[in-house]
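Lettering follows sequence order; numbering is per chain, from 1. The model shown is predicted, which means the values in this text are computed figures rather than measured ones.
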There are 2 protein chains.
Amino acid sequence: MRKRSTGKDNVPSAASDAPPNKNSFQRNEILQSAAALFAQKGFGATKLHEVAGAVGLSRTAFYYYFPSKDELLTALVEESTFTLQRRLTDVAQRTDIAPPDMLRTIVADYGGWILNHPTEFRFVSRTENELPPAMAATHNRAKRQLLDSFIGVVRQGIDQGYFKVADARIAALSVIGMCNWSAWWFRPTGALSAAEVSGTLVEYAMRMVQAETRPRSKRERVRMEVESLRESIARLEGLLASES
Amino acid sequence: MRKRSTGKDNVPSAASDAPPNKNSFQRNEILQSAAALFAQKGFGATKLHEVAGAVGLSRTAFYYYFPSKDELLTALVEESTFTLQRRLTDVAQRTDIAPPDMLRTIVADYGGWILNHPTEFRFVSRTENELPPAMAATHNRAKRQLLDSFIGVVRQGIDQGYFKVADARIAALSVIGMCNWSAWWFRPTGALSAAEVSGTLVEYAMRMVQAETRPRSKRERVRMEVESLRESIARLEGLLASES
DNA sequence: GGACAATTTGACGTATCTGTCAAATTTTCG
DNA sequence: CGAAAATTTGACAGATACGTCAAATTGTCC
């Protein structure tokens, strides 16, 4: 019964042997269930016995894997938020791409991540007002960065004559909102895959800013033509279906 | 949490004189503060002393206006949800308007309501998973009706040749999501008014479905799509030829 | 001022939740 | 098998939350 109570053993550094509870199967099960429960009912409203019960454990067994409920929250936030944050800032830093392709890339990446991690996204959205101050600060900073990235792309597109938008901020928020909300309705088991929905979101984002089709590279032209073909075929299928 | 109270006066019947607490100023203050707190932290995570403290009351004074925390929730849900529900179903029932105007109207109405009641909307969205079963059922029914209304308008627009959209459901969800998310970023004190933002949302919704002012016949649309396909293939052939 | 109702409060009881700890049980491995 | 480690459990303590109630305070009207 080595509890290693005093030592902060939850640092992400790769201590190989000492930490008694790390990367355990049950630990990951708890994290996953907790994310779903927190996403559904919120952090404060979710009781520990629910978390434990969801993975078939007694409430006290939980404390073998996490020192406290707050530590569970921090572990969850670190796991979920950091990946999202990194992904966002990475994409937005590039300046070598023209605004239309840039918007396409950023929406596909952001929306794609949400569609592939709807539970995590809902968890973060739901618990962002209950986070401890330090984490709330970094989270808000990341959100602001994300918004600024979108606004920057839209503004560049306007300035360079690609987009026709009156207010870059409203347009960015509308695109972001469209993507965000997909976490509340998308189900991977549905008729459309995450990649297909992501492509649709990209298409709608481009329509929102009325991006002009001034293709740049050959590769990009091919991609656009293929996308256009796909859309045409889908529309034709729809027309054909409504025929009978 | 549901405990049976003794024969108190918590019947919602409109007895004009007997109920000692109804339509009081403090009662409305409590409702308003509670909506904001529930929207921010969720129902289960918000403690009663916070609600009472937000309006300058002691915790026990709260029980003079509401028999229990659950009754506060139900009162809040009834007040917030019913107005939203009625508004939605009213607009969507009309069939005398052409799809483009219909979409304009429905988005302006729905988005406008959200922009004018962001706190209520966030409250409903946040607590919808903590509602008592009966209320959850009606709420889900209303949500489904709303979605069906949007889908119906989009589908009509497609069939009548106004809109160019591959999947009516995804388009409807995207428009709804764009509107919904405004509750999380819009502030009435900002540079743009609710009416202005609402107009922008309408504009973006119309762009999303690529609404055209004049409908085209189905036969004509098929011809156009085929022509579009032919052109795409020709362009792709050209790109392929110049590749080698 | 005084009677009466409206409103607020402090003390109390109960239920629930978090977290601790020693003991019990299971698993691992020599 | 048997010992040590890993894992789980039940009992317990402290804190907090909800709700009740009688008493106290405030406001109103004559």
> Any ring-ring contact (aromatic ring centres under 6.0 Å, His included) pairs touching residues 116-141 of chain A, not counting sequence neighbours?
Replying inline: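 Listed by first then second residue: A/W113-A/H117.
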> What residues form a ring-ring contact (aromatic ring centres under 6.0 Å, His included) with A/F186, not counting sequence neighbours?
Replying inline: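 Applying ring-ring contact (aromatic ring centres under 6.0 Å, His included) to A/F186 gives none.
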> Residues in ring-ring contact (aromatic ring centres under 6.0 Å, His included) with A/F43, at least two apart?
Replying inline: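 Applying ring-ring contact (aromatic ring centres under 6.0 Å, His included) to A/F43 gives A/F38.
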> Any side chain to side chain donor-acceptor pair (under 3.5 Å) pairs touching residues 41-60 of chain A, not counting sequence neighbours?
Replying inline: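 Found A/K41-A/E50.
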Nearest-Å distance for atom pair [atom1]/[atom2], residues [X] and [N]:
{"X": "B/I30", "N": "C/dT7", "atom1": "CD1", "atom2": "P", "answer": "11 Å"}
{"X": "A/R27", "N": "D/dT7", "atom1": "CZ", "atom2": "P", "answer": "12 Å"}
{"X": "B/L57", "N": "D/dT25", "atom1": "CG", "atom2": "C1'", "answer": "14 Å"}
{"X": "B/F25", "N": "C/dT7", "atom1": "CZ", "atom2": "P", "answer": "13 Å"}

I want to check one thing: is the phosphate of [N], taken as OP1 and OP2, less than 4.0 Å away from some side-chain N or O of [X]?
{"X": "A/Y65", "N": "D/dT7", "answer": "no"}
{"X": "A/S58", "N": "D/dT9", "answer": "yes"}
{"X": "A/Q26", "N": "D/dT8", "answer": "yes"}
{"X": "A/Y64", "N": "D/dT8", "answer": "no"}

Under 3.5 Å, which N/O atoms of the protein pair with N/O atoms of nucleotides 17-19 of chain C?
from: C/dT18; atom 1: OP1; to: A/L48; atom 2: N; distance (Å): 3.2
from: C/dT18; atom 1: OP1; to: A/K69; atom 2: NZ; distance (Å): 3.3
from: C/dT18; atom 1: OP2; to: A/L48; atom 2: N; distance (Å): 3.0
from: C/dG19; atom 1: OP2; to: A/Y63; atom 2: OH; distance (Å): 3.3
from: C/dG19; atom 1: OP2; to: A/K69; atom 2: N; distance (Å): 3.0
from: C/dG19; atom 1: N7; to: A/R59; atom 2: NH1; distance (Å): 2.9
from: C/dG19; atom 1: N7; to: A/R59; atom 2: NH2; distance (Å): 3.4
from: C/dG19; atom 1: O6; to: A/R59; atom 2: NH2; distance (Å): 2.6

> Does A/Q40 have any side-chain hydrogen bond (donor to acceptor under 3.5 Å, both in side chains) partners at least two apart in sequence or in another chain, and if so, which?
Replying inline: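 Applying side-chain hydrogen bond (donor to acceptor under 3.5 Å, both in side chains) to A/Q40 gives none.
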> When the ring planes of B/W181 and A/W181 are compared, do they come out parallel, tilted or perpendicular, using 30° and 60° as the limits?
Replying inline: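 The arrangement is perpendicular - the two ring planes meet at more than 60°.
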